[in-house]
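Positions are given from 1 along the sequence.
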Amino acid sequence: MKALDYILIGLVWFVGSTLRAQNKTDIPSTYSEVCYFTINKVAFEDYLEIKKAIDREEYSKVYAAIRKMRSSLKGFSPSSQSRAFELWYVGNYTDFDKQAIVSRDATLASLKNYENRLRMQGALYYDHRLFLDQYLAFKTEAFYPEYWFMSQERYFSRDLVDLIRQLNPKEGYKLFTNSEFFYPFEVFNEMATTENGEIKDYLETDDWGADTTSFIPYSYMTIGKGTASFILESFNLDDATQEIDLNREVRALRRFLTNAKTGKIYFVARFNHLEIRKMKAIEARKKRDK
């Protein structure tokens, strides 16, 4: 029962996080195959330091990080935030401000639970993973830092994907598939591989006699400066449609690429149905073909 329980927990966590992210764009037409992250490069070093602290069980640094995150959350009020930035999913909530408060309170409760588990020496791999996801958003969210607790995951709508493909019939599809536009984002892939091993160890899968080689059903890739520059120069990224939310998405995509071009962010794509082992096989084949 223990193993089955935690398989179900893992599945619920993965599906739940995906659905929460999907709610931030068009419903139900979200393009769910690829999830994007906009990561501030400078702040990413802080994130890696916290990850190292957790690996070494140096939790004093983690407690300090939790205090900073709580302070940010408790000081948040929707009415005090500027809406001048391109928060394109605002229009897709019936009551965006209410949803922001609900998300804030849920994150506060999650942080309290994680802190308690650390102090009681009861934190497991999935507790650390959830916290690291939250801390990544807190420290590195490049465009919507005030709303970091509403998830750093960015899903575009299928309308946006269709539009880019129509405007750029030769190469538009490459932005939304594992193409030569992307190369592996090894930091996250290594973390996912480690987590896969931790899941196996926790569930004691060797006792099952079953093939459980991959619990992580996705891989991380990123777009480099040169590719971002090429896309901005050669792609048609026209935001003059008749749909306000679609125009917002196009402008947001353009901003992400611009900041990737200048080296301010890592523009990371998580391919939700591409296993790491399969991705590695694809990359090896690409190298052989060269």
Exercise. So how far is it from M221 CE to E186 CD, rounded to the nearest 0.5 Å?
Worked result: 9.0 Å
For this session: Taking all non-hydrogen atoms of both residues into account, name the closest pair between K261 and A228 and its distance.
Result: N-CB, 3.7 Å
Seminar exercise, completed: Heavy-atom closest pair (D238 atom, V250 atom, distance to 0.1 Å) is O-CG1, 3.7 Å
Exercise. Can you name the nearest heavy-atom pair linking Y155 to V34, along with the distance?
Worked result: CD2-O, 3.5 Å
Exercise. Out of curiosity, E153 CD to Y36 OH, how far, rounded to the nearest 0.5 Å?
Worked result: 13.5 Å
For this session: Report the C-alpha separation of Y47 and I39 in whole Å, then their side-chain angles, then the decisive distance to 0.1 Å, and conclude whether the side chain to side chain contact (heavy atoms under 4.5 Å, CB included) test is met.
Result: CA-CA 10 Å; Y47 166 79; I39 299 173; over 6 Å; no
For this session: Output yes when E49 and K139 qualify as a salt bridge under the 4.0 Å nitrogen-oxygen rule, no when they do not.
Result: no
Exercise. Under 4.5 Å between any side-chain heavy atoms of K225 and S229, yes or no?
Worked result: no
Seminar exercise, completed: The single option from L257, L163, L167 that satisfies side-chain contact (heavy atoms from CB on, under 4.5 Å) with L237 is L257
Exercise. Looking only at atom types and distance, does a side-chain atom of T258 sit under 3.5 Å from a main-chain N or O of R254, one as donor and one as acceptor?
Worked result: yes
Exercise. According to a 4.5 Å side-chain heavy-atom criterion applied to Ile, Leu, Val, Met, Phe, Trp and Tyr, with indirect links allowed, do L124 and M191 form part of one hydrophobic cluster?
Worked result: yes
Exercise. Given side chains that start at C-beta, do those of Y114 and V62 come closer than 4.5 Å, heavy atoms only?
Worked result: yes
For this session: Classify the angle between the aromatic ring planes of Y220 and Y218 as parallel (below 30°), tilted (30 to 60°) or perpendicular (above 60°).
Result: perpendicular
For this session: Please tell me if the side chains of I50 and F131 come closer than 4.5 Å, counting only heavy atoms from C-beta onward.
Result: yes
Exercise. With under 30° as parallel and over 60° as perpendicular, where do the rings of F156 and F256 fit, or are they tilted in between?
Worked result: tilted
Exercise. Quick check: are there more than 12 heavy atoms from other residues, nucleotides or ligands sitting under 6.0 Å from CD of E243?
Worked result: no
Problem set entry | D245 bridged to R248 by N-O distance under 4.0 Å | yes
For this session: Using the rule that two of Ile, Leu, Val, Met, Phe, Trp, Tyr join whenever any of their side-chain heavy atoms come within less than 4.5 Å, decide whether L111 and Y63 are in one cluster.
Result: yes
Exercise. Regarding T140 and N40, is there a side-chain donor-to-acceptor distance under 3.5 Å anywhere?
Worked result: no
Problem set entry | Centroid separation Y266 to F185 less than 6.0 Å | yes
Problem set entry | Rounded distance (nearest 0.5 Å) linking atom CD of Q134 with atom CZ of R129 | 11.5 Å
Problem set entry | Separation between CZ of F138 and CZ of F149, rounded to the nearest 0.5 Å | 12.0 Å
For this session: Report yes or no: do S79 and S77 form a side-chain donor-acceptor pair below 3.5 Å?
Result: yes
Exercise. Is there any salt bridge (Lys or Arg N to Asp or Glu O under 4.0 Å) pair reaching into residues 172-184, and which pairs are they, with sequence neighbours excluded?
Worked result: E171-K174, K174-E180
For this session: Check the pair T107 / L73 against side chain to side chain contact (heavy atoms under 4.5 Å, CB included), numbers first and verdict last.
Result: CA-CA 8 Å; T107 306; L73 291 167; 3.9 Å; yes
Exercise. For the hydrophobic clusters of this structure (ILVMFWY residues joined by side-chain heavy atoms under 4.5 Å, transitively), does one cluster hold both L48 and I265?
Worked result: yes
For this session: Report yes or no: do L232 and V268 belong to one cluster of Ile/Leu/Val/Met/Phe/Trp/Tyr joined by side chain heavy-atom distances under 4.5 Å?
Result: yes
Exercise. Side-chain contact, heavy-atom cut-off 4.5 Å: F182 with I223?
Worked result: yes
Problem set entry | From CZ (R117) to CZ (R119), nearest 0.5 Å | 15.0 Å
Exercise. Could you state the interatomic distance from CG (D159) to CD (E249), rounded to the nearest 0.5 Å?
Worked result: 7.5 Å
Seminar exercise, completed: Residue set satisfying side chain to side chain donor-acceptor pair (under 3.5 Å) with S219, at least two apart, ordered chain then number -> none
Seminar exercise, completed: In short, G122 meets D127 closest at the heavy-atom pair O-OD2, 4.1 Å
Exercise. Do R154 and F267 meet the cation-pi criteria used here (NZ or CZ under 6.0 Å from the six-membered ring centre, within 45° of the axis)?
Worked result: no
Exercise. Can you name the nearest heavy-atom pair linking I54 to L132, along with the distance?
Worked result: CD1-CD2, 3.8 Å
Exercise. For K41, does the NZ atom sit with more than 12 other heavy atoms under 6.0 Å from it, leaving out its own atoms?
Worked result: yes
For this session: Measure the shortest side-chain to side-chain distance between F76 and Y147 over non-hydrogen atoms and say whether it is less than 4.5 angstrom.
Result: yes
